[in-house]
There are 2 protein chains.
Amino acid sequence: MSMDRRKVRTKALLRKALIEVMEEKGPERITVRDLTDKADINRGTFYLHYTDLPAMLQQVKTEMWDGLKQRMEKLNPYDYLSFATRNEPDPMMVKVFEYYAEHADFFRVILGPKGDPAFPVLIKEFLKKHHITKILNIQPELAETILPKDYMVEYFAASNLSIVLHWIETGMQESADTIALLITNILGISVERLYGIKNHNHGNKRKTHVRKT
Amino acid sequence: MSMDRRKVRTKALLRKALIEVMEEKGPERITVRDLTDKADINRGTFYLHYTDLPAMLQQVKTEMWDGLKQRMEKLNPYDYLSFATRNEPDPMMVKVFEYYAEHADFFRVILGPKGDPAFPVLIKEFLKKHHITKILNIQPELAETILPKDYMVEYFAASNLSIVLHWIETGMQESADTIALLITNILGISVERLYGIKNHNHGNKRKTHVRKT
DNA sequence: ATACATGTGTTGAATTCTCGACAGTTCTAT
DNA sequence: ATAGAACTGTCGAGAATTCAACACATGTAT
């Protein structure tokens, strides 16, 4: 692969410059010169790595998205719902937030006001598709509450993403563990609460809460 | 000169690595590998810039010392003693402390417990030679106090250096201006005070203090 | 409408850096 | 006392980066 130190160094420099420039100017208005000046790299060198500025943007974004997706795919609703009952953070979820923290600058900008509006949508869609619906399948009773299922899915996804966003915007004061525990708990509690609503409304089949092995 | 970006970049990386490693281990025990590993640079590249590790140390130190000396040479006792009476920082002295601030990491380490004991001596000797004695020449009456002249010189130099050291050790909280003003004032006050001692002992030729155009 | 500045891609030759290897030295532990 | 590990200084071949220069496009102010 790209074993040569120089390649990884200049790509890192370019990426760092991209984030900085994107934070200053919009995501538009960026020029190749901006990047190479900021990175203190010859302008020609840029074209040794990327064909284009839009190409670079695209490539960087998909690389980061792949990294995030890859970690989110390892999440298992069975696991973190069970960790929630023990008030412990799901280790797999910690990995996810460590990834956010590792690339804090990128995510802060890309998810911020001058970032790419499509990016948070990507995340939310993934959450909806791979997790929330899974949870509802694990707990089919939840789907029978007063909320229509699609609203429920939307609600879970949005609330979780909003926590991540706030964490990032406030400079990531808390550790990845803390946020992981927070989300784990919120998920657990929400599930419990909604289950309670269902019980309240249809009040019959009793259960000792959400606890799942 | 060294126009090529790569040269300045790797030299900067090496210098940064040197400071970091010097802070961890002593000034001894450092190895070329340490530096090139920390700087993420090929070991062979080191020898493209320096013949040796001691050579690099020497070179870096003299470069920094030259920079410092160069700025200190522009100081003029006439000026800062006059600025002192107006409670303003001498602009030339501000330049000196801005230099300290610019290379804060280097000075913190080189003047610190794991640094080079010879370095502060260098500074002090310079102060003694180029400034304190000048002051005493400007104010020859000062030389006639109870303190022998050599002790006086030593006293001034040491007290000034100690302030800089403390500034550096405490993480340079104050701005360069603040420190410049502080030193300017201390110099002015000290001169006044010692002049008072002399007056007290020999009490005759009266003057409106130290003020000098 | 024209000049003028700024940005884009691309090129070729020169320079610097990387990688992997080498033999020789010094330190350390057994 | 000796083997093993780590460091040193050096080398050649090849890869990456630099620099200066192109021609061309896109504004932008006069």
Side-chain angles (χ1 to χ4, degrees), chain A residues 1-64 106 109-110 114-116, chain B residues 1-64 106 109-110 114-116:
Chain A
M1 293 299 165
S2 44
M3 312 287 280
D4 199 308
R5 288 168 137 118
R6 289 170 291 186
K7 278 197 154 184
V8 323
R9 195 165 41 229
T10 64
K11 286 195 97 171
L13 286 173
L14 280 175
R15 181 174 302 208
K16 185 158 150 259
L18 173 65
I19 293 170
E20 289 173 10
V21 174
M22 203 151 79
E23 198 162 16
E24 297 168 5
K25 324 173 124 192
E28 299 303 323
R29 304 287 179 188
I30 302 180
T31 148
V32 174
R33 262 206 168 75
D34 286 337
L35 266 53
T36 55
D37 281 358
K38 174 94 61 177
D40 194 26
I41 275 182
N42 190 284
R43 190 168 59 85
T45 308
F46 174 90
Y47 298 98
L48 262 35
H49 297 277
Y50 305 100
T51 74
D52 222 39
L53 194 57
M56 174 185 180
L57 230 91
Q58 188 52 44
Q59 194 168 323
V60 169
K61 281 192 286 193
T62 60
E63 278 171 16
M64 298 304 279
F106 171 82
V109 173
I110 205 71
K114 294 187 181 172
D116 179 1
Chain B
M1 292 297 165
S2 45
M3 311 285 281
D4 199 308
R5 287 166 137 116
R6 288 169 292 186
K7 279 196 153 183
V8 323
R9 200 173 30 239
T10 62
K11 286 195 99 173
L13 285 173
L14 280 174
R15 181 174 303 207
K16 185 160 149 257
L18 173 65
I19 293 170
E20 289 173 10
V21 173
M22 202 151 81
E23 197 162 16
E24 296 169 5
K25 324 173 122 189
E28 298 304 325
R29 304 285 179 190
I30 302 180
T31 148
V32 174
R33 262 207 167 73
D34 286 337
L35 266 52
T36 55
D37 281 358
K38 174 94 60 176
D40 194 27
I41 275 182
N42 190 284
R43 190 169 60 84
T45 307
F46 175 90
Y47 297 99
L48 262 34
H49 298 276
Y50 305 100
T51 73
D52 221 44
L53 194 57
M56 174 184 179
L57 232 92
Q58 188 53 43
Q59 194 169 323
V60 169
K61 281 192 286 192
T62 60
E63 277 170 17
M64 299 304 279
F106 171 82
V109 173
I110 204 71
K114 294 187 181 173
D116 179 0

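Throughout, a chain's letter reflects where its sequence line sits, starting with A, and its residues are numbered from 1. Owing to the predicted nature of the structure, the values given are computational and were not obtained by experimental measurement.
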>> Using 0.5 Å steps for rounding, measure from the CG atom of Asn42(B) to the CG atom of Leu48(B).
In response: 9.5 Å
> Does the side chain of Thr51(B) come within less than 4.5 Å of Gln59(B)'s, by heavy atoms?
Replying inline: no
>> Ignoring hydrogens, what is the shortest heavy-atom contact between Thr36(B) and Phe46(B)? Give both atom names and the distance.
In response: CG2-CB, 4.0 Å
> How long is the gap from CZ on Arg9(A) to CG on Asp4(A), to the nearest 0.5 Å?
Replying inline: 8.5 Å
> Residues from residues 29-49 of chain A sitting under 4.0 Å of DNA chain C, heavy atoms only?
Replying inline: Thr31(A), Val32(A), Arg33(A), Arg43(A), Tyr47(A)
>> Over all strands shown, is Thr10(B) touching base, sugar-phosphate only, or nothing at heavy-atom distances under 4.0 angstrom?
In response: sugar-phosphate
> Do any N or O atoms from the side chain of Lys114(B) and from the backbone of Glu24(B) form a donor-acceptor pair under 3.5 angstrom?
Replying inline: yes
>> By nearest heavy atom, map Leu53(A) and Lys11(B) onto DNA chain C; which one lands nearer the 5' end?
In response: Leu53(A)
> Tell me: CG of Asp52(B) to C1' of dC7(D), nearest whole Å?
Replying inline: 13 Å
> Does a sphere of radius 6.0 Å around NZ in Lys16(A) hold more than 12 heavy atoms from other residues, nucleotides or ligands, not counting ones at 6.0 Å or beyond?
Replying inline: no
>> Quick check for you: name the first and last nucleotides of DNA chain C, 5' to 3', having an atom under 4.0 Å from a heavy atom of chain A.
In response: dG7(C) to dC19(C)
> How many angstroms lie between CE in Met22(A) and CG in Leu35(A), if you round to the nearest 0.5 Å?
Replying inline: 10.0 Å
>> Would you say that Leu18(B) contacts Leu57(B) through its side chain, given a criterion of any heavy-atom pair below 4.5 Å between the two side chains?
In response: yes
>> Please report the end-to-end axis angle for the helix from dA1(C)-dT30(D) to dT30(C)-dA1(D), five pairs per end, rounded to 10 degrees.
In response: 50°
> Are the side chains of Lys25(B) and Thr31(B) in touch, meaning some heavy atoms are under 4.5 Å apart?
Replying inline: yes
>> Minimum heavy-atom separation for Val32(A) and Leu53(A), please, with both atom names.
In response: N-CD2, 4.2 Å
> Roughly, in whole Å, what's the span from CZ in Arg6(B) to C1' in dT18(D)?
Replying inline: 5 Å
